[in-house]
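Below is one structure, written out as structure tokens; comments come after it.
The basis for the numbers below is simple: all heavy atoms, side chains too, and nothing from hydrogens, waters or symmetry mates. What you see is a predicted model; the values in this text were computed from it and never measured. All residue numbers in this chain count up from 1 along the given sequence.
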Amino acid sequence: NATWLPNPVDSTMFRPMPQDPHKEIRILHSSTMPEIKGTKYLIESVDELRKKGYDIELKIVGVPPFGSTVPRTEMPKLLNWCDLVVNEILLPVHSLVGIEAMLSEKPVLSSYKIDPKISDPPIFDISRETLTSDIRMAIENLDEYKEKAKAGREWAIRNHDPEKVTDKLLELYEEAMT
């Protein structure tokens, strides 16, 4: 009988910004726990796509050996830099970085298997087994993905606004006290 309490995320810190022109596809991945995030599968998929001629720059933030830590204050710049965010590959959720990406109107690719009645974010569902084709599809339909990603900001504000989350927490405390 758990109640989902969304992570609060500041929509003024994470917002859409103009992007510098570039030719390559820029993918951002947060790898705080590489074994759980599925980082090695992303690296394999990107390598496979590069061999097929796709010009991809992959940036991994998180922990070594795949990425390096960055201050949270740098995340808006990194989200502005990228075209796609590959979020969770193995876990069936979206993470805090996924929410920040949605607020920045970036397409989020994540293994998302939560009941839509609980949470229904406008993300692109992926799996480890189909990851290479999922990324290829996103690259080949990037304009459509970016258009759909605009709904991510509205969804994230509606569900993750710090004031709304605080109000919900206070409601839960009140219910627990009665």
Side-chain angles (χ1 to χ4, degrees), residues 4-43 45-46 55-112 114 119-124 126 131 135 138-139 142 145-170 172:
W4 176 60
L5 188 64
N7 288 322
V9 184
D10 182 1
S11 63
T12 62
M13 181 175 183
F14 297 95
R15 62 189 187 288
M17 293 185 275
Q19 192 179 43
D20 293 332
H22 56 281
K23 292 180 183 173
E24 72 283 353
I25 297 296
R26 297 173 175 175
I27 298 174
L28 179 65
H29 175 67
S30 173
S31 182
T32 51
M33 295 182 279
E35 307 81 26
I36 294 173
K37 298 276 188 174
T39 303
K40 72 178 184 176
Y41 303 113
L42 174 60
I43 292 169
S45 289
V46 168
D55 186 7
I56 301 171
E57 185 172 350
L58 174 62
K59 188 170 287 198
I60 301 173
V61 296
V63 296
F66 299 112
S68 58
T69 57
V70 296
R72 187 157 193 263
T73 55
E74 292 297 310
M75 284 306 292
K77 291 178 192 170
L78 289 171
L79 288 164
N80 179 50
W81 168 86
C82 74
D83 296 304
L84 300 167
V85 172
V86 176
N87 198 213
E88 302 289 341
I89 298 163
L90 300 177
L91 290 176
V93 297
H94 62 72
S95 69
L96 187 59
V97 170
I99 299 163
E100 294 166 350
M102 284 185 261
L103 284 168
S104 302
E105 294 186 355
K106 297 297 177 173
V108 176
L109 284 65
S110 196
S111 173
Y112 194 76
I114 305 295
S119 178
D120 192 18
I123 62 172
F124 300 90
I126 61 173
L131 184 59
I135 295 170
I139 291 170
L142 191 56
Y145 275 55
K146 286 182 177 183
E147 191 60 36
K148 181 178 178 184
K150 290 178 183 178
R153 180 165 178 81
E154 294 171 23
W155 180 89
I157 288 171
R158 191 170 53 252
N159 290 281
H160 295 275
D161 176 74
E163 287 186 32
K164 291 178 182 176
V165 174
T166 303
D167 289 345
K168 187 165 183 98
L169 180 61
L170 291 173
L172 292 172

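- In this structure, the side chain of H160 engages the main chain of N7 through a donor-acceptor pair within 3.5 Å.
- Put simply, the side chain of D55 never gets that close to the backbone of K23: no donor and acceptor are under 3.5 Å apart.
- The side chain to side chain contact (heavy atoms under 4.5 Å, CB included) test applied to I43 returns T39, D47, L58, I60, F66, not counting sequence neighbours.
- Counting heavy atoms from C-beta outward, L28 and V61 have side chains that approach closer than 4.5 Å.
- One distance of note links CG of L103 with OG of S11; it measures 6.0 Å at 0.5 Å rounding.
- Between the CE atom in M33 and the CG atom in L90 there is a gap of 11.5 Å [rounded to 0.5 Å].
- With E105 as the partner, the side chain to side chain contact (heavy atoms under 4.5 Å, CB included) test is satisfied by one option alone out of E147, R153, R15, K148: R153.
- Here the closest heavy-atom approach between residue A101 and residue V108 is recorded as CB-CG2, 3.6 Å.
- Ionic pairing of E88 and K37 is present here: one or more N-O contacts between side-chain nitrogen and carboxylate oxygen are shorter than 4.0 angstrom.
- Between the CD1 atom of I157 and the CD1 atom of I99 there is a distance of 12.5 Å, given to the nearest 0.5 Å.
- The shortest non-hydrogen separation linking I123 to Y112 is CD1-CB, 3.2 Å.
- Between I25 and E57 there is no side-chain heavy-atom pair separated by less than 4.5 Å.
- Here the CG-CG distance, from L109 to L84, works out to 6.0 Å after rounding to the nearest 0.5 Å.
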> Please walk me through it: do M102 and H94 pass side chain to side chain contact (heavy atoms under 4.5 Å, CB included)?
Replying inline: CA-CA 10 Å; M102 284 185 261; H94 62 72; 4.3 Å; yes
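- A salt bridge links R72 with E100; the closest basic N to acidic carboxylate O contact falls under 4.0 Å.
- Within the 4.5 Å cutoff, the side chain of S45 has heavy atoms near those of the I135 side chain.
- For the pair L5/L169, a side-chain contact is recorded, criterion being any heavy-atom separation below 4.5 Å from C-beta on.
- The distance from the CG atom of L91 to the OG atom of S111 is 8.0 Å, given to the nearest 0.5 Å.
- The 12-atom threshold is exceeded at NZ of K164, counting heavy atoms of other residues, nucleotides or ligands nearer than 6.0 Å.
- Checking side-chain atoms of H29 against main-chain N and O of V86 turns up a donor-acceptor pair under 3.5 Å.
- No side-chain heavy atom of F124 sits less than 4.5 Å from a side-chain heavy atom of S110.
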Mind listing the side-chain donor-acceptor pairs of residues 73-81 below 3.5 Å, one per line with the distance, residues two or more places apart or on another chain?
| from | atom 1 | to | atom 2 | distance (Å) |
| --- | --- | --- | --- | --- |
| N80 | ND2 | P18 | O | 3.4 |

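- Within the 4.5 Å cutoff, the side chain of P34 has heavy atoms near those of the V63 side chain.
- Take A149 and apply the side chain to side chain contact (heavy atoms under 4.5 Å, CB included) test, not counting sequence neighbours, and it matches P107.
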> Can you list the steps and then say if I126 with N87 is a side chain to side chain contact (heavy atoms under 4.5 Å, CB included)?
Replying inline: CA-CA 10 Å; I126 61 173; N87 198 213; over 6 Å; no
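- Between D83 and K106 there is no salt bridge, since no side-chain nitrogen of the basic residue lies less than 4.0 Å from a carboxylate oxygen of the acidic one.
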